[in-house]
2 protein chains.
Amino acid sequence: MFDPASPLSELPARGDCFNRRCISRSVLAHVTGRWGSLVIAALRSSGVLRFSELRGRIDGISEKMLAQTLRELQRDGLLTRTSRPVVPPHVEYRLTPLGAGVAEHVEGLVRWIESHVRDLVRAQREHDADTGDGVAG
Amino acid sequence: MFDPASPLSELPARGDCFNRRCISRSVLAHVTGRWGSLVIAALRSSGVLRFSELRGRIDGISEKMLAQTLRELQRDGLLTRTSRPVVPPHVEYRLTPLGAGVAEHVEGLVRWIESHVRDLVRAQREHDADTGDGVAG
DNA sequence: GTAAGTACTTTCCTTTGGATAGCATTGGTG
DNA sequence: CACCAATGCTATCCAAAGGAAAGTACTTAC
């Protein structure tokens with residue numbers, strides 16, 4: 001059913017992220033991976049970015065992980081890599097139309113979290129204060 | 001500015017996920033962590049779930065990671081844990097109103113990916129076929 | 001006495017991630 | 001001509017995170 005070799009027409013029209021063998025699961029993993037959502041959000045807000053620009057925008061990412069994340073997302077068809085054969089190298093990354101589709105949701109999520117920081121901090125402090133599990137009965 | 005000890009009123013009204021010191025960044029990490037989004041999506045579609053039900057629904061998760069993910073999300077104020085002191089133990093997890101807010105976006109993302117599996121598979125196959133980087137010039 | 005059932009926790013080992021250095025290429029500098 | 005800068009990676013090595021399996025705690029049922 002989720003056999004990666006079967007013809008497209010035999011694949012289910014809809015995936016199932018809860019199934020670990022479904023391709024949608026691995027795409028979800030790439031998109032919501034440690035760095036995926038930030039790469040996607042950065043590209044969505046800037047349009048085009050070079051490798052070093054992405055590295056500069058995403059505080060804390062290592063070059064290894066940036067390269068790896070970009071490769072995964074490119075393979076999933078969410079972004080394109082365009083290299084101009086000049087010296088020093090000039091490589092551009094941008095979202096594909098497919099990538100723009102996910103990006104919309106990713107950005108919604110990121111923006112929601114950013115605009116609810118105070119609520120989140122308050123919740124964490126309350127939790128740390130009473131460190132009690134809610135016990136009913 | 002993002003000092004975890006400063007009073008709420010001094011925290012910026014909006015976080016910045018691109019800054020590795022901002023609390024919104026760690027919440028994003030929990031929500032989009034390897035298992036966070038699936039836990040949230042499962043709770044959103046079911047309302048209430050017990051530990052073992054979550055484990056059953058989320059194919060591939062280990063008990064250790066489920067426990068850890070639940071603890072993080074609970075601390076962030078996104079879900080509640082309610083244990084009834086009976087034998088055998090009975091523990092329920094459900095989203096808080098805050099959690100329901102993120103869950104909306106998480107579910108949008110998951111649903112988008114699930115409904116675009118075919119496009120994603122097609123993209124992967126094309127990529128694997130030409131394994132060529134887009135080169136302009 | 002012992003097995004079952006639930007929600008974890010612990011242990012041990014594999015996999016992943018991070019920091020740093022290196023590579024390839026060529027124009028500019030001394 | 002030697003040398004460095006600039007860019008986009010890759011390689012290496014070590015620390016951290018994650019997975020599998022077994023253990024814990026407690027009481028009812030057999």
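The figures that follow rest on heavy atoms only: side chains count, while hydrogens, waters and symmetry mates do not. Just so we're on the same page: letters track the sequence lines, and every chain starts at 1.
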Trainee: Does the distance from a Lys or Arg side-chain N to an Asp or Glu carboxylate O, for B:E92 and B:R50, drop under 4.0 Å?
Mentor: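 Looking at B:E92 and B:R50, the cut-off is not met.
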Trainee: What's the closest nucleotide to the B:K64 side chain, out of C:dT6, C:dC12, C:dT26?
Mentor: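 For the B:K64 side chain, the nearest candidate turns out to be C:dC12.
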Trainee: Under 4.0 Å from OP1 or OP2 of C:dG17: is there any side-chain N or O of A:S62 that close?
Mentor: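 For C:dG17, OP1/OP2 do not have a side-chain N/O of A:S62 under 4.0 Å.
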Trainee: In Å, rounded to the nearest 0.5 Å, how long is the span from NE2 of A:H105 to CG of B:L109?
Mentor: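 Rounded to the nearest 0.5 Å, the NE2-CG separation comes out at 7.0 Å.
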Trainee: Looking at the side chain of B:R71, which of D:dG18, C:dT6, C:dT9 is the nearest nucleotide?
Mentor: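 When the side chain of B:R71 is considered, C:dT9 is the closest of D:dG18, C:dT6, C:dT9.
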Trainee: Please state how far atom CG in A:L70 lies from atom C1' in D:dG8, giving the value in whole angstrom units.
Mentor: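 A:L70 atom CG is separated from D:dG8 atom C1' by 11 Å.
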Trainee: Separation of A:R20 atom CZ from D:dG18 atom P, in whole Å?
Mentor: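 Atom CZ in A:R20 sits about 17 Å away from atom P in D:dG18.
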Trainee: Do A:S46 and A:R57 get their side chains close enough for a donor-acceptor pair, meaning under 3.5 Å?
Mentor: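 Short answer, yes.
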Trainee: C:dG18, OP1 or OP2 - any side-chain N/O from A:W35 closer than 4.0 Å?
Mentor: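 Yes, within the criterion.
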Trainee: Where the side chain of B:A67 is defined as all heavy atoms beyond and including C-beta, which of C:dG18, C:dC8, D:dG19 is the nearest nucleotide?
Mentor: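 It is C:dC8.
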Trainee: Could you please name the option among C:dG18, C:dG5, D:dC9 that lies closest to any side-chain atom of B:P88?
Mentor: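 So the side chain of B:P88 is nearest to C:dG5.
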Trainee: Within this structure, what is the CZ-to-P distance between A:R84 and D:dC9, rounded to whole angstrom?
Mentor: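 To the nearest whole Å, that distance equals 14 Å.
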Trainee: B:R34 has an atom CZ; how far is it from atom C1' of C:dT16, in whole Å?
Mentor: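 Distance, rounded to whole Å: 10 Å.
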Trainee: Distance check needed: D:dA16 C1' versus A:M65 CE, whole Å only.
Mentor: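 Distance check: A:M65 CE to D:dA16 C1' gives 13 Å.
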Trainee: How would you label the contact of A:R55 with the nucleic acid (heavy atoms, under 4.0 Å): base, sugar-phosphate, or nothing?
Mentor: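 If one applies the 4.0 Å heavy-atom cut-off, A:R55 turns out to touch nothing in the nucleic acid.
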Trainee: Could you grab the distance from atom CG of A:L78 to atom CG of A:L73, nearest 0.5 Å is fine?
Mentor: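 If we round to the nearest 0.5 Å, A:L78:CG and A:L73:CG are 5.5 Å apart.
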Trainee: B:H90 NE2 to D:dT27 C1': how many Å, rounded?
Mentor: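 Going from NE2 in B:H90 over to C1' in D:dT27 covers 17 Å.
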Trainee: Tell me the interatomic distance from A:E63, atom CD, to C:dA19, atom P, rounded to whole angstroms.
Mentor: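 Roughly 11 Å, once rounded to whole Å.
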Trainee: Quick one: does A:R122's side chain have a donor or acceptor within less than 3.5 Å of a partner on A:V117's backbone?
Mentor: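 Looks like no, no N/O pair under 3.5 Å.
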Trainee: Looking at A:R50, does any N or O in its side chain come under 4.0 Å of the phosphate oxygens OP1/OP2 on D:dA6?
Mentor: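 For A:R50, the contact criterion (side-chain N or O under 4.0 Å from OP1 or OP2 of D:dA6) is not met.
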Trainee: Could you state the CD-P distance from A:E92 to D:dC9, rounded to the nearest angstrom?
Mentor: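 Distance, rounded to whole Å: 12 Å.
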